[in-house]
Amino acid sequence: MSGPARKAAVTGYPVAQSRSPLVHGYWLKKHGLEGEYGKIEVSPETAEDFFANFSASGLVGANVTVPHKEVAAAACDQLDDAATTMGAANTLWLDEAGRLCGANTDGIGFLGNLDQLAPGWDALPGTAVVLGAGGAARAIVWALLSRKFTKVHIVNRTFKKAKKIADEFGSRTIAHNWDKLRTLLGETDLLVNTTSLGMTGKSPLEIDLSALPQETLVTDIVYVPLETDLLKQAGERGNQTVDGLGMLLHQAVPGFEKWFGVRPEVDDELRALILKDLGVEP
Ligand code: NAP
């Protein structure tokens with residue numbers, strides 16, 4: 001790719017907290033590329049115009065963070081399967097004809113993390129228990145169904161939110177109240193926490209894992225702290241565990257490849273860089 005440096009950015013409101021510039025800056029440097037990656041704060045009042053006229057921004061593409069993922073998806077001429085399903089896009093690029101394309105890579109990031117840190121985890125797709133029914137849970141349910149899981153149980157404090165996701169995704173997804181958790185844990189191959197419980201500054205995730213089979217893989221998408229109480233408890237009883245930092249990093253891979261033409265890797269140096277910036281103990 002020659003010509004002027006290709007520019008991409010994270011867009012949202014606010015964007016100051018975003019680690020995306022650090023991630024893409026690391027990859028640009030590692031691959032010796034001329035590109036640039038910045039932050040653009042887009043106010044809610046101007047968001048519709050900004051994404052509708054994206055080609056005038058001078059960017060070849062962008063990440064989209066809260067609260068603009070839905071507005072961005074609506075402005076796209078083309079969406080991938082995940083963004084279509086979720087009605088929300090977190091990665092944008094202009095194709096050769098100048099059309100705005102959008103993807104939702106949260107689910108891809110979740111899968112990429114498990115593929116890297118627990119290879120073969122989906123060899124025998126079976127049953128998953130997903131704790132939580134927010135935005136991240138939706139992306140993860142999509143991801144698990146894309147890997148042919150036969151049952152995905154969604155357990156949430158607010159039942160109607162779990163039910164809404166289960167209804168959207170069809171008969172392989174089932175919504176439950178929290179009081180069904182113990183029974184469900186006895187028969188699951190994968191346990192995923194997508195609630196904000198257990199995150200530094202939030203309430204703890206109180207969970208009894210005694211019914212969980214020892215072969216069950218346990219993952220938490222909360223990554224501050226890196227080893228949440230759930231992962232600690234699961235690890236101590238012999239379950240394989242995967243932390244959530246890799247999801248954050250892997251969701252950035254497809255965008256970088258679209259904008260700068262190189263598929264980057266999530267390596268230990270990148271993990272260490274982000275952990276240091278977050279002030280999190282490795
Ligand atoms: P969200 O849409 O706000 O959903 C939050 C979820 O947590 C809901 O299911 C909510 O239940 C549940 N919850 C919150 N407080 C609770 C409590 N006191 N008791 C029981 N349940 C509670 O948030 P999200 O965007 O899905 O993100 C969820 C977490 O994932 C956040 O910590 C976020 O930082 C993390 N995350 C990580 C990555 C990554 O790349 N690793 C990506 C996205 C998100 P109700 O429905 O009952 O309110």
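Atoms within each ligand, like the ligands themselves, are counted from 1 in listed order. Atom set for the values below is all heavy atoms of this structure, side chains included, hydrogens, waters and symmetry mates excluded.
- The one candidate from Thr228, Thr219, Asp220 that meets the side-chain hydrogen bond (donor to acceptor under 3.5 Å, both in side chains) condition with Asn193 is Asp220.
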Would you please test Asp81 and Trp142 for side chain to side chain donor-acceptor pair (under 3.5 Å) and show each step?
CA-CA 10 Å; Asp81 181 46; Trp142 172 87; 3.2 Å; yes
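- Counting only residues at least two apart or in different chains, side-chain hydrogen bond (donor to acceptor under 3.5 Å, both in side chains) contacts with residues 129-140 comprise Arg138-Glu168.
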Measure from every N or O atom of ligand 1 to the protein's N or O atoms and keep only the pairs below 3.5 Å, writing each with atom names and distance to 0.1 Å.
{"residue": "ligand 1", "atom": "2 (O)", "partner": "Gly135", "partner atom": "N", "Å": "3.1"}
{"residue": "ligand 1", "atom": "7 (O)", "partner": "Ser196", "partner atom": "N", "Å": "3.4"}
{"residue": "ligand 1", "atom": "9 (O)", "partner": "Ala133", "partner atom": "N", "Å": "2.9"}
{"residue": "ligand 1", "atom": "9 (O)", "partner": "Asn156", "partner atom": "OD1", "Å": "2.8"}
{"residue": "ligand 1", "atom": "11 (O)", "partner": "Asn156", "partner atom": "OD1", "Å": "3.2"}
{"residue": "ligand 1", "atom": "18 (N)", "partner": "Arg157", "partner atom": "NH1", "Å": "3.3"}
{"residue": "ligand 1", "atom": "26 (O)", "partner": "Gly135", "partner atom": "N", "Å": "3.2"}
{"residue": "ligand 1", "atom": "26 (O)", "partner": "Ala136", "partner atom": "N", "Å": "2.9"}
{"residue": "ligand 1", "atom": "40 (O)", "partner": "Leu248", "partner atom": "N", "Å": "3.1"}
{"residue": "ligand 1", "atom": "41 (N)", "partner": "Ile221", "partner atom": "O", "Å": "2.9"}
{"residue": "ligand 1", "atom": "41 (N)", "partner": "Gly244", "partner atom": "O", "Å": "3.0"}
{"residue": "ligand 1", "atom": "46 (O)", "partner": "Asn156", "partner atom": "ND2", "Å": "2.8"}
{"residue": "ligand 1", "atom": "46 (O)", "partner": "Lys161", "partner atom": "NZ", "Å": "3.0"}
{"residue": "ligand 1", "atom": "47 (O)", "partner": "Arg157", "partner atom": "NE", "Å": "3.0"}
{"residue": "ligand 1", "atom": "47 (O)", "partner": "Thr158", "partner atom": "N", "Å": "3.1"}
{"residue": "ligand 1", "atom": "47 (O)", "partner": "Thr158", "partner atom": "OG1", "Å": "2.5"}
{"residue": "ligand 1", "atom": "48 (O)", "partner": "Arg157", "partner atom": "NH2", "Å": "2.9"}

Validation: residues 33-41 side-chain donor-acceptor distances under 3.5 Å, sequence neighbours left out:
{"residue": "Tyr37", "atom": "OH", "partner": "Val10", "partner atom": "N", "Å": "3.4"}
{"residue": "Tyr37", "atom": "OH", "partner": "Asn63", "partner atom": "OD1", "Å": "2.6"}
{"residue": "Lys39", "atom": "NZ", "partner": "Ala16", "partner atom": "O", "Å": "2.8"}

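- Side-chain atoms of Asn239 and Thr216 form no donor-acceptor pair, as typed in the model, at a separation below 3.5 Å.
- The side chain to side chain contact (heavy atoms under 4.5 Å, CB included) test applied to Lys148 returns Pro125, not counting sequence neighbours.
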